[in-house]
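Working notes for the structure below.
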Amino acid sequence: MSSEPIKQQDVNNAAWAACDTFRGVMDAASYKDYILVMLFVKYISDVWQDHYEQYQAQYGDNDERIRRKLERERFVLPKDASFYDLYQQRHASNIGELINIALDAIETANKTKLDGVFRNIDFNSEANLGQTRDRNRRLKMLLEDFHKPQLDMRPSRIAEDVIGNVYIYLIERFAAGAGKKAGEFYTPHKVSELVAKLCKPQAGARICDPACGSGGLLIEAAKAVVHSAGSATRNYSLYGMEVNGSTWALCRMNMFLHDADAARIEWCNTLTSPKLVEYDKLMTFDNIVANPPFSLDKWGANEADTYKRFWRGVPPKSKGDYAFISHMVAAAKPQKGRIAVVVPHGVLFRGAKEGKIRQQLIEENLLDAVIGLPGNLFPSTSIPVAILIFDRSREQGGANENRKDVLFIDASGDYQPGKNQNSLTDAHLANILNAYQQRQAQEKYVYVASFAEIAENDFNLNIPRYVDTFEEEPEIDIQAVQQEIDALEQELAEVRQKMNVMLQDITP
């Protein structure tokens, strides 16, 4: 194998090309699991092989001693379960079954870190991969695609962050092809980065995403800690909950590939049966970041709230937005915890039960900022969204208890247009973060509202009530416009006259 360093773009292109095996057979929301699992297996096999060769240089052919050293690494790769073992058997008539057996062996050998991660994937599925002959052909092609030199992911040849980046790259590409289903597992990278930085996690923080999807927000929050600490510190702990089993598995693998395999990611329903619990109470966190499903229907409003999260009111059963918000406020550390959550705009102004909950949260002085983002940022919806910042340090006894205002930022015009989807740039993020940090009024962009103003607006947080973005229409000179029309009509008449002359000349 080549020892030349591998480039990020080469890995991305090769991994994306492997998806050709499944295009036309199933949609992106389904085949992503097969691609990402195979990428994971290939990565851990390459890491294991790289370390094996290093120990072999030290201990010669003492295979038992080498294996004992390897088993002290981050993970164990059982005998006959590596990608290369499967590649050698790619022509086998039961290759799907052999892959399943290898995945089960990897799980069993790494129960603490990988237990259950592959339970929702079946490489021997006739329903997904076709009948035996077609299935075997596709799996053989998949193994050959991942055996390409561009996907040699040995640590001696590839930068540490490349594998995590390619995983995120693939998730982004799958999301673009999955449409509405993408909302189950994906938040656009720049939105995740913005949410994480607005939440301001610091070294030592306990960070949670209660609707973590494939884990992008947690990864960005971890990066934000490193950025704020000014070094490569890993002084933080990550926690998440995810209701979809296959997405939970993607998140676990994502954590592993980003060297965050100590993260505790639970497979559960956050609203009805949260598992991040200690001593029969919700665990509390320094920072909570989330992009929960928008206006989730049938979220469990009729089920008893064991953890007393909904004492401000039970949100309507057809819209779970304030159920997630109520959970996050309850799970944020008293007088300290910060929350940054992506919500649809209806959360800002809907009345009835939601209006009462919103009023209560504002009266408790928990709401710190409302940030409006552009529309069409998400592959799953074209609607504009907002980010709400809640800060429990504004409670009595907290460091910011004297802050009584709410910051409004209208960043709806901050976007880069795209063919199918808009996006945020680094410059847009810098604008928003600077406005949040400075907390000063800017015409048509930022407004700092007092509690009295918000109360006067019946606790409606609709951004245009506070940030005036009205642009006056330029005055129209009717006389000048009429003169221009007259001139155009005169010009048109002259052209028609010339055409008539020309037509007469060519008429036989």
Side-chain angles (χ1 to χ4, degrees), residues 110-117 119 195-196 199-215 217-222 224-225 233-245 247-249 251-252 254-256 258-292 299-300 303-312 314-315 320 322-341 361 364 366 390-399:
N110 300 275
K111 274 194 170 295
T112 304
K113 296 180 178 180
L114 298 175
D115 187 33
V117 165
R119 72 178 70 175
V195 170
C199 207
K200 296 182 179 179
Q202 303 296 311
R206 189 151 81 163
I207 306 164
C208 177
D209 183 345
C212 63
S214 52
L217 260 171
L218 287 173
I219 297 298
E220 289 305 317
V225 173
T233 180
R234 294 186 183 276
N235 185 15
Y236 53 78
S237 53
L238 304 179
Y239 299 79
M241 292 185 281
E242 172 55 43
V243 70
N244 182 292
T247 305
W248 166 83
C251 185
R252 292 278 302 278
N254 200 7
M255 294 299 112
F256 193 97
H258 282 87
D259 200 18
D261 36 293
R264 179 179 168 185
I265 310 296
E266 296 287 357
W267 181 9
C268 63
N269 187 319
T270 296
L271 299 180
T272 59
S273 52
K275 286 188 177 178
L276 292 179
V277 174
E278 52 190 0
Y279 309 114
D280 295 325
K281 294 182 179 179
L282 292 177
M283 291 178 66
T284 57
F285 303 93
D286 299 283
N287 299 88
I288 300 178
V289 291
N291 173 30
W299 60 269
E303 299 186 34
D305 179 22
T306 309
Y307 301 102
K308 298 181 175 60
R309 294 167 288 179
F310 308 136
W311 60 268
R312 298 175 185 86
V314 178
Y322 274 101
F324 281 105
I325 290 171
S326 297
H327 170 86
M328 288 183 265
V329 171
K333 287 185 177 180
Q335 301 176 333
K336 182 180 179 183
R338 290 178 55 82
I339 300 159
V341 54
L361 290 167
E364 293 172 49
L366 296 177
F390 294 94
D391 187 354
R392 294 199 63 173
S393 75
R394 293 169 55 122
E395 294 175 328
Q396 187 174 0

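Annotation: K336, atom NZ; neighbour count of heavy atoms from other residues, nucleotides and ligands within 6.0 Å does not exceed 12.
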inquiry  = For a salt bridge (Lys or Arg N to Asp or Glu O under 4.0 Å) check, start with the C-alpha distance between R338 and D391, then their side-chain angles and the critical distance, and finish with the verdict.
reply    = CA-CA 5 Å; R338 290 178 55 82; D391 187 354; 3.2 Å; yes
Begin from the C-alpha positions of L282 and H327 and carry the test side-chain contact (heavy atoms from CB on, under 4.5 Å) through to its verdict. CA-CA 9 Å; L282 292 177; H327 170 86; 3.9 Å; yes
message = side-chain contact (heavy atoms from CB on, under 4.5 Å) for M283 and Y239? Distances and angles first, verdict last.
response = CA-CA 10 Å; M283 291 178 66; Y239 299 79; 3.5 Å; yes
(Q) Evaluate N291 against L217 for side-chain contact (heavy atoms from CB on, under 4.5 Å), listing each step before the verdict. (A) CA-CA 8 Å; N291 173 30; L217 260 171; 4.2 Å; yes
Derivation of the side-chain contact (heavy atoms from CB on, under 4.5 Å) call for V243 and T270:
CA-CA 7 Å; V243 70; T270 296; over 6 Å; no
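Side-chain atoms of N110 never come within 3.5 Å of backbone atoms of L114 as a donor-acceptor pair (strictly under, hydrogens ignored). Formation of a donor-acceptor pair under 3.5 Å by the R392 side chain with backbone atoms of A332 is found in this model. In terms of modelled atom types and a separation under 3.5 Å, the side chain of E266 and the main chain of R264 share no donor-acceptor contact. Remark: side-chain polar atoms of Q335 are not paired, donor with acceptor, to backbone N or O of E395 under 3.5 angstrom. Under the 3.5 Å distance criterion, the side-chain polar atoms of R119 are left unmatched by any main-chain donor or acceptor of G245. Proximity of a side-chain donor or acceptor of N235 to a complementary backbone N or O of A203 within less than 3.5 Å is not detected.
For the side-chain contact (heavy atoms from CB on, under 4.5 Å) with E303, the qualifying choice from N269, L271, T272 is T272, the only one to do so.
Note: W267 and W248 have parallel aromatic rings, judged against thresholds of 30 and 60 degrees for the angle between ring planes.
For the pair R206 and F285, the cation sits on the ring face: its NZ or CZ lies under 6.0 Å from the ring centre, inside 45° of the axis.
Inter-residue side-chain proximity for N287 and V225 is flagged as unmet; no heavy-atom pair is nearer than 4.5 Å.
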